[in-house]
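Written out below as structure tokens is the structure these notes cover.
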Amino acid sequence: LSHIIFTIFNGLFVARNESLTQAKGMVIMAYGRFLGASALLLLLAVPYQARILGDSFMALAVSFYMLYLLYPHVKFKFKKEHLTYILTFSIPLIPYSLSSIILHYSDQLIINKIEGNSDAGLYSFAYKIGFLYHGFDQALQNASKADFFKWMNRGLYDEIKSQIKSMLKMLVWAASFLLLFASDLGRLLSSKESFTVSLDLVPIIIAGYVFFSAYMFYARLIFYSKKTAYISLLTMISVVVNIGLNLYYIPIYGYVAAAYTTLVSLFLMALLSGIVAVGILKLPAPPLRNMLVSLLILCVVFALYTIAGQHLEGAYFFLIKIVIFLVVTSLLFGKKVLVSFQDKSGE
């Protein structure tokens, strides 16, 4: 129930381009649920029940606050054409919603079934570190929606390409940071050294979500065309491939295989979404050259990280990672910062 209210809240204020209101709601929801769960964890003897009860209670409480903010924008009317539009747009997306859940959690369930709780826990820890990139990506995607639909309606495709180029810079910057410092972040967050053995998988998990970013650039075009059945089909194909690969490779290579099978599945989803959006629906293509250059930069960062890790350790390795990150940052934003500084100097 709280998720339904949150989705309406998020959708409305994203469409209205009121990102500050949306951000406040997201922050209050996140920290409210965290505090509620933490409070009951200290009071109740059964941890998992405390987690569920505290989380759910605070989620509902924050939902009432969101309803208060939504109320001025709500009119209690029923229109048949609205219902028809909702059903036409949304029913084909039901398989997509179910498949997305399966895609995100099937690997952990299969690892738990085949390899046991310990390996599932190790993979889950690495997955959550890599998932930080996905959260950053979704924040950018949400912030870009209002302008994207406005420019699509007006046929301003060059504006959309410019937007994507800016987003790619931010995504490459975030992915580079996590590629270089995910292991340090994981050790900082984990109280047990045993969990850190899975952190080598984080770059592979991030690579998978980099392809998911590419998929999102094409998927929003398909959403705009209202051909949502394609979205469900693409996701279901990816899920079937992911489950098949996991069932074959996890018994052979253990939980490590799941990161690579997810990478393959998300790459396939990005590739198919591009074929559907540009090849079949004839929608304006995102700047493929910039997307490929972004991928090349990340490959170079990962290669330098791997080579440095094989020859250095401790403070020297950490220093090299800082240097690599600063070089990437200067390549991505240096010219813009320099121009801004020159403009201010001229003033």
Side-chain angles (χ1 to χ4, degrees), residues 1-14 18-72 74 97-98 100-139 142 174 178 181-199 201-202 205 209 255 258:
L1 179 59
S2 65
H3 181 69
I4 291 170
I5 297 170
F6 175 76
T7 302
I8 296 171
F9 174 88
N10 194 46
L12 173 68
F13 288 105
V14 165
E18 297 182 21
S19 57
L20 183 60
T21 302
Q22 182 223 4
K24 286 180 180 178
M26 293 179 71
V27 170
I28 293 171
M29 176 66 82
Y31 283 100
R33 292 172 62 180
F34 170 74
L35 292 173
S38 300
L40 284 193
L41 280 170
L42 296 173
L43 295 174
L44 297 183
V46 186
Y48 77 89
Q49 289 184 1
R51 167 72 170 77
I52 294 170
L53 290 172
D55 182 32
S56 301
F57 176 78
M58 290 302 296
L60 285 172
V62 176
S63 296
F64 280 107
Y65 168 71
M66 291 183 171
L67 285 174
Y68 169 76
L69 295 177
L70 284 168
Y71 182 76
V74 174
S97 299
L98 296 174
S100 296
I101 295 171
I102 295 170
L103 182 62
H104 283 299
Y105 294 106
S106 63
D107 47 4
Q108 297 177 51
L109 293 173
I110 293 172
I111 292 170
N112 187 71
K113 181 69 174 178
I114 296 175
E115 302 294 319
N117 293 339
S118 178
D119 282 1
L122 290 172
Y123 178 76
S124 178
F125 180 69
Y127 186 89
K128 285 179 171 59
I129 300 296
F131 201 73
L132 292 172
Y133 168 82
H134 180 62
F136 183 80
D137 175 37
Q138 291 304 293
N142 283 332
L178 283 174
F181 300 107
S183 58
D184 304 288
L185 182 61
R187 290 184 177 88
L188 184 65
L189 294 175
S190 176
S191 60
K192 295 183 179 180
E193 185 65 26
S194 57
F195 274 100
T196 60
V197 298
S198 64
L199 292 175
L201 292 180
V202 173
I205 294 169
Y209 279 111
Y255 73 89

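The distance from the CD1 atom of I8 to the CE atom of M66 is 11.5 Å, given to the nearest 0.5 Å. Rounding to the nearest 0.5 angstrom, the gap separating the OG atom in S124 from the CG atom in N117 is 11.5 Å. Here the CZ atom belonging to F13 is positioned 5.5 Å from the OG1 atom belonging to T21, to the nearest 0.5 angstrom. Here the OG atom belonging to S118 is positioned 8.5 Å from the OH atom belonging to Y255, to the nearest 0.5 angstrom. Separating the CG atom in L122 from the CG atom in L199 is a distance of 9.5 Å, to the nearest 0.5 Å.
Side-chain contact between V202 and L185 is absent, with no heavy atoms from C-beta onward closer than 4.5 Å. The side-chain heavy atoms of M58 and F34, taken from C-beta on, include no pair separated by under 4.5 Å.
Residues F64 and Y68 place their aromatic rings such that the two centres sit no closer than 6.0 Å.
Looking at every heavy atom in both residues, A126 comes nearest to L201 through CB-CB, 4.3 Å. Closest heavy-atom contact between I205 and G130: CG2-CA, 4.0 Å. Here the closest non-hydrogen pair linking S63 and M29 is OG-CE, 4.0 Å. Considering all non-hydrogen atoms of both residues, I129 and A182 come closest at CG2-CB, 3.9 Å. Taking each heavy atom of L41 and R51 in turn, the nearest pair found is CD2-N, 4.3 Å. For the residue pair A258 and I111, the shortest heavy atom distance occurs at CB-CD1, 3.6 Å.
Ring planes of H134 and Y209: tilted class, angle from 30 to 60°. Ring pair F131/Y127 is parallel by interplanar angle, where below 30° counts as parallel and above 60° as perpendicular.
Within the structure, side chain to side chain donor-acceptor pair (under 3.5 Å) contacts touching residues 23-44 (residues at least two apart or in different chains) are R33-D55.
The backbone N or O of Y133 lies less than 3.5 Å from no partner atom in the side chain of D137, so there is not a single donor-acceptor pair.
For E18, the side chain to side chain donor-acceptor pair (under 3.5 Å) test picks out R16, with sequence neighbours left out. For F136, there are no ring pair (Phe, Tyr, Trp, His ring centres under 6.0 Å) partners two or more places apart in sequence or in a different chain.
Annotation: F181, atom CZ; neighbour count of heavy atoms from other residues, nucleotides and ligands within 6.0 Å is above 12.
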